[in-house]
Amino acid sequence: MSFKALDKWSRLESGPPPSWIMSSPQVAQAQNDKTRLFHQAFISFRKHILESTSLPADLHIVLSDILCGAGHVDDIYPYFMRHTKHIFPMLDCMDDLRKISDLRVPVNWYPEARAIQRKIVFHAGPTNSGKTYHAIQRYLAAKSGVYCGPLKLLAHEIFEKSNAADVPCDLVTGEERTFVDPEGRAAGHVACTIEMCSVTTPYEVAVIDEIQMIRDPSRGWAWTRALLGLCAEEIHVCGEPAAIDFIRELMYTTGEEVEVNNYKRLTPFSILDHAVETLDNLRPGDCIVCFSKNDIYSLSRQIEARGLECAVIYGSLPPGTKLSQAKKFNDPEDPCKILVATDAIGMGLNLSIKRIIFNSLIKPNVNEKGEKQMESISTSQALQIAGRAGRFSSKFSEGEVTTMFRDDLPVLKEILSKTVDPIETAGLHPTAEQIEMFAYHLPDATLSNLVDIFVSLSQVDGLYFVCNIDDFKFLADMIQHIPLNLRSRYVFCTAPINKKQPFVCTSFLKFARQFSRDEPLTYDWVCRHVGWPLAPPKNIKNLVHLEAVHDVLDLYLWLSYRFMDMFPDTALIRNAQRELDDTIQEGVRNITRLIRATDQTIADLLQKGNSRHELTGSSSGASSKGPLNKSRKTMDNSLASRLVRDGLLTSDLLHQLQREWSRDKQQDVSVHSTNTEKPNSKGKKKK
């Protein structure tokens with residue numbers, strides 16, 4: 001039988017599905033979702049028929065009858081349904097799945113919180129307005145309380161403040177549990193990262209910091225969970241005024257009123273009318289803000305070449321190293337008076353900054369679809385960073401804000417002059433229980449597919465959105481081939497790891513594989529994997545690797561609190577991590593030496609590559625289209641690939657170095673020609 005004879009099917013390639021698809025009883029139950037799925041199934045079924053080398057005999061007979069006029073196209077319907085249920089197994093249980101993925105009333109997920117009448121107090125104000133201070137004072141005065149912050153550094157700060165004020169307080173983060181009671185009994189107060197807060201433990205006061213992050217595409221669900229679910233008589237939320245109206249609207253659905261306390265900035269900051277333009281114009285108390293680690297490396301090298309010391313802070317540094325660099329910068333006795341940092345300084349660190357200098361206003365972001373894009377920083381981000389200048393209780397009573405480059409200054413002024421976009425939605429995320437119920441109905445689906453189906457079927461009202469799950473799916477796909485039960489697989493996939501770090505991803509995979517064998521991950525096993533003990537860094541590549549190892553130890557500690565029996569050596573790993581933190585601190589203190597070592601490696605490689613160019617080049621001016629040029633291109637590509645692969649530089653920096661190298665060579669040739677071919681008085685050239 002010739003499938004090319006199926007003209008009727010061929011004409012349907014881009015047109016609507018046949019009427020029997022659209023009028024099936026399954027579609028009628030949930031027209032919107034099922035119509036889309038059935039249309040996809042129709043396209044798949046048509047492709048299957050046209051491209052398969054062999055078909056089941058009964059389907060072959062039905063198609064033959066239709067082509068001969070002895071059958072009707074509706075006779076294909078049972079075979080279409082069989083194919084559809086094979087590729088979309090959820091169709092048999094669509095109604096149950098839609099009920100499970102119904103996220104329209106998340107306030108009902110927390111019956112303990114709904115059983116009490118809570119008082120909501122919103123402390124609204126800009127950075128450095130004292131809003132969090134007032135909330136913490138109420139927290140310290142309460143008989144019991146919980147502080148929920150976005151960063152480990154902030155949780156550590158409240159933990160230390162509480163105990164210093166003789167208010168016993170425990171610390172709970174994803175990687176750490178610290179109990180002030182020697183016997184391990186829980187204290188009345190606890191400081192935690194927001195993902196770790198308990199929604200079943202009763203408290204007198206709860207503090208939720210940086211409430212504007214409720215709209216964060218990846219982590220917003222944690223703020224939603226804390227705000228709706230905490231069992232506290234008083235909930236004190238701190239954040240930007242742009243969140244006031246939304247929090248009021250959200251609390252209206254719980255029947256709780258919101259009391260608002262507004263605060264003004266304690267110390268003013270002004271936007272300067274001139275850019276810095278050159279590093280020669282830096283002053284003590286300056287902080288240069290970059291959005292790229294490469295910019296940090298480059299600027300710190302240039303600053304110290306001018307005889308100035310600088311501190312360095314960026315996101316992937318361990319918390320201990322960040323605190324060490326902040327202490328160095330703040331110390332009036334230390335010669336270090338310049339700070340080069342990313343927007344990691346926006347929260348979590350107390351810094352004595354006089355002037356914030358934006359080196360750039362472009363930052364890589366992830367949009368709602370999970371796509372990475374480069375765009376100008378938002379007004380909220382700019383205010384958060386600019387607000388670090390001239391903080392209250394620092395030695396600078398007033399702050400200043402400007403840019404490094406003249407062209408950026410009017411753009412910065414425009415950004416800061418705008419009002420912050422109001423918050424309109426809060427994030428949600430599927431729970432392990434919901435995914436398990438999905439798996440009951442779809443036992444053959446992978447975890448990644450289960451989450452995809454959940455999101456595609458989920459229903460949310462206008463106040464909520466489903467958070468981005470790309471990182472979750474990335475980890476789920478990575479360990480899909482490893483035999484794990486669903487709950488363990490789900491927990492592994494919620495681990496907070498940096499998927500940009502190949503060594504961290506490899507370690508994650510090895511951890512999951514060892515776990516699946518029911519073999520405990522001991523201290524010795526981890527040491528063999530990471531190559532412990534590790535030598536001090538000799539260049540930037542070494543430093544980046546040490547940071548990755550620190551993340552791997554963080555991953556071990558995170559998993560150890562979820563699977564205590566399988567990750568038993570928490571204390572030993574924590575000791576190793578402290579030692580590694582000291583090594584990284586030493587490396588960051590000598591970061592310019594590491595950069596010089598890296599630059600020398602690059603220069604040596606480029607010089608080596610240039611020498612090869614000269615060896616393979618033709619002195620007689622051979623055609624550029626010949627085999628020598630092809631060899632040269634191959635060598636260039638290999639060199640570039642090796643440099644980028646080894647993390648010694650980015651492709652942009654490589655192109656810049658190549659341009660500078662070519663320019664220097666041309667200048668050398670020009671000078672040589674001038675010296676050797678200067679005309680004499682008779683117009684003849686000397687040899």
Side-chain angles (χ1 to χ4, degrees), residues 146-147 149 151-164 168-187 189-193 195-198 316-324 488 491-492 494-498 501 503-504 506-536 545-587:
V146 57
Y147 168 83
L151 300 173
K152 287 184 282 187
L153 283 173
L154 288 170
H156 270 278
E157 181 183 347
I158 302 303
F159 166 72
E160 292 172 355
K161 279 185 177 179
S162 298
N163 289 298
C169 178
D170 296 334
L171 175 69
V172 178
T173 70
E175 300 81 16
E176 187 174 359
R177 309 284 190 281
T178 301
F179 297 98
V180 292
D181 185 90
E183 297 181 5
R185 288 190 294 265
H189 290 68
V190 59
C192 64
T193 45
E195 286 87 353
M196 300 305 299
C197 70
S198 169
S316 59
L317 286 177
T321 304
K322 290 177 185 174
L323 290 171
S324 171
S488 297
V491 172
F492 263 85
T494 56
I497 74 169
N498 183 1
Q501 287 277 12
F503 184 73
V504 178
T506 301
S507 302
F508 174 79
L509 192 60
K510 289 186 177 181
F511 282 13
R513 188 176 292 118
Q514 184 81 350
F515 180 92
S516 72
R517 296 172 183 148
D518 205 23
E519 298 176 4
L521 286 84
T522 63
Y523 173 75
D524 291 337
W525 185 91
V526 174
C527 287
R528 287 194 300 272
H529 168 62
V530 302
W532 189 264
L534 295 161
H545 178 68
L546 293 185
E547 293 168 8
V549 173
H550 191 280
D551 287 348
V552 170
L553 300 185
D554 252 356
L555 173 63
Y556 182 99
L557 295 172
W558 190 91
L559 290 167
S560 72
Y561 289 108
R562 281 103 184 138
F563 307 105
M564 295 184 182
D565 294 340
M566 297 300 293
F567 297 83
D569 294 335
T570 304
L572 292 172
I573 293 294
R574 194 174 300 285
N575 289 336
Q577 193 180 47
R578 291 194 189 102
E579 186 178 334
L580 178 58
D581 200 339
D582 292 339
T583 305
I584 293 174
Q585 287 182 37
E586 186 64 29

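Nothing fancy with the numbering, it's 1 onward along the sequence.
Of all heavy-atom pairs between T173 and T193, the closest is CA-OG1, 3.5 Å. A pairwise comparison of heavy atoms in E547 and S316 identifies OE1-OG, 3.1 Å as the closest pair. Across P520 and Q514, no two heavy atoms sit closer than the pair O-NE2, 3.8 Å. When all heavy atoms of A191 and F159 are compared, the pair lying nearest together is CB-N, 3.9 Å. Contact detail for P536 and T583: the closest heavy-atom pair is CA-CG2, 3.9 Å. The two residues I584 and L546 have their closest heavy-atom pair at CD1-O, 3.7 Å.
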Exercise for review: Could you go through the side chain to side chain contact (heavy atoms under 4.5 Å, CB included) check for I158 and L171 one step at a time?
Suggested key: CA-CA 9 Å; I158 302 303; L171 175 69; over 6 Å; no

Practice item. List the steps, then state whether side chain to side chain contact (heavy atoms under 4.5 Å, CB included) holds for D551 with I497. Key: CA-CA 7 Å; D551 287 348; I497 74 169; over 6 Å; no

Practice item. May I have the step-by-step check of ring pair (Phe, Tyr, Trp, His ring centres under 6.0 Å) for F503 and H529, ending in yes or no? Key: CA-CA 10 Å; F503 184 73; H529 168 62; 5.3 Å; yes

Point to revise | Worked verdict on C192 versus Y147 for side chain to side chain contact (heavy atoms under 4.5 Å, CB included) | key: CA-CA 6 Å; C192 64; Y147 168 83; over 6 Å; no

Exercise for review: Please step through side chain to side chain donor-acceptor pair (under 3.5 Å) for the pair Q577 and D554, ending with a clear verdict.
Suggested key: CA-CA 8 Å; Q577 193 180 47; D554 252 356; 2.9 Å; yes

Exercise for review: Give the intermediate values and the outcome of side chain to side chain donor-acceptor pair (under 3.5 Å) for residues S162 and E160.
Suggested key: CA-CA 5 Å; S162 298; E160 292 172 355; over 6 Å; no

**Study point:** Trace of the side chain to side chain contact (heavy atoms under 4.5 Å, CB included) decision for F511 with F567
**Key:** CA-CA 10 Å; F511 282 13; F567 297 83; 4.2 Å; yes

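Heavy-atom contacts from other residues, nucleotides or ligands closer than 6.0 Å to CG of D565 number 12 or fewer.
Atom CD of residue E586 and atom OG1 of residue T321 lie 11.0 Å apart, to the nearest 0.5 angstrom. In this structure, CG in L559 is found 10.5 Å from OG1 in T570, a value given to the nearest 0.5 Å.
With hydrogens and angles disregarded, no donor-acceptor distance shorter than 3.5 Å links the side chain of Y556 to the backbone of Y523. Of the possible donor and acceptor atoms, none in the side chain of D170 sits under 3.5 Å from a partner among the backbone N and O of V190. Remark: the backbone N or O of C169 is paired with a side-chain donor or acceptor of N163 at under 3.5 angstrom. Looking only at distances, no side-chain donor or acceptor of D569 sits under 3.5 Å from a matching main-chain atom of L572.
In this structure, R528 forms no cation-pi arrangement with W532, as its terminal cationic atom is not both closer than 6.0 Å to the ring centre and no more than 45° off the ring axis. Under a cutoff of 6.0 Å and an axis angle of 45°, R177 and Y561 form a cation-pi pair.
A salt bridge between R574 and E175 is absent, with no side-chain N of the basic residue lying under 4.0 Å from a carboxylate O of the acidic one.
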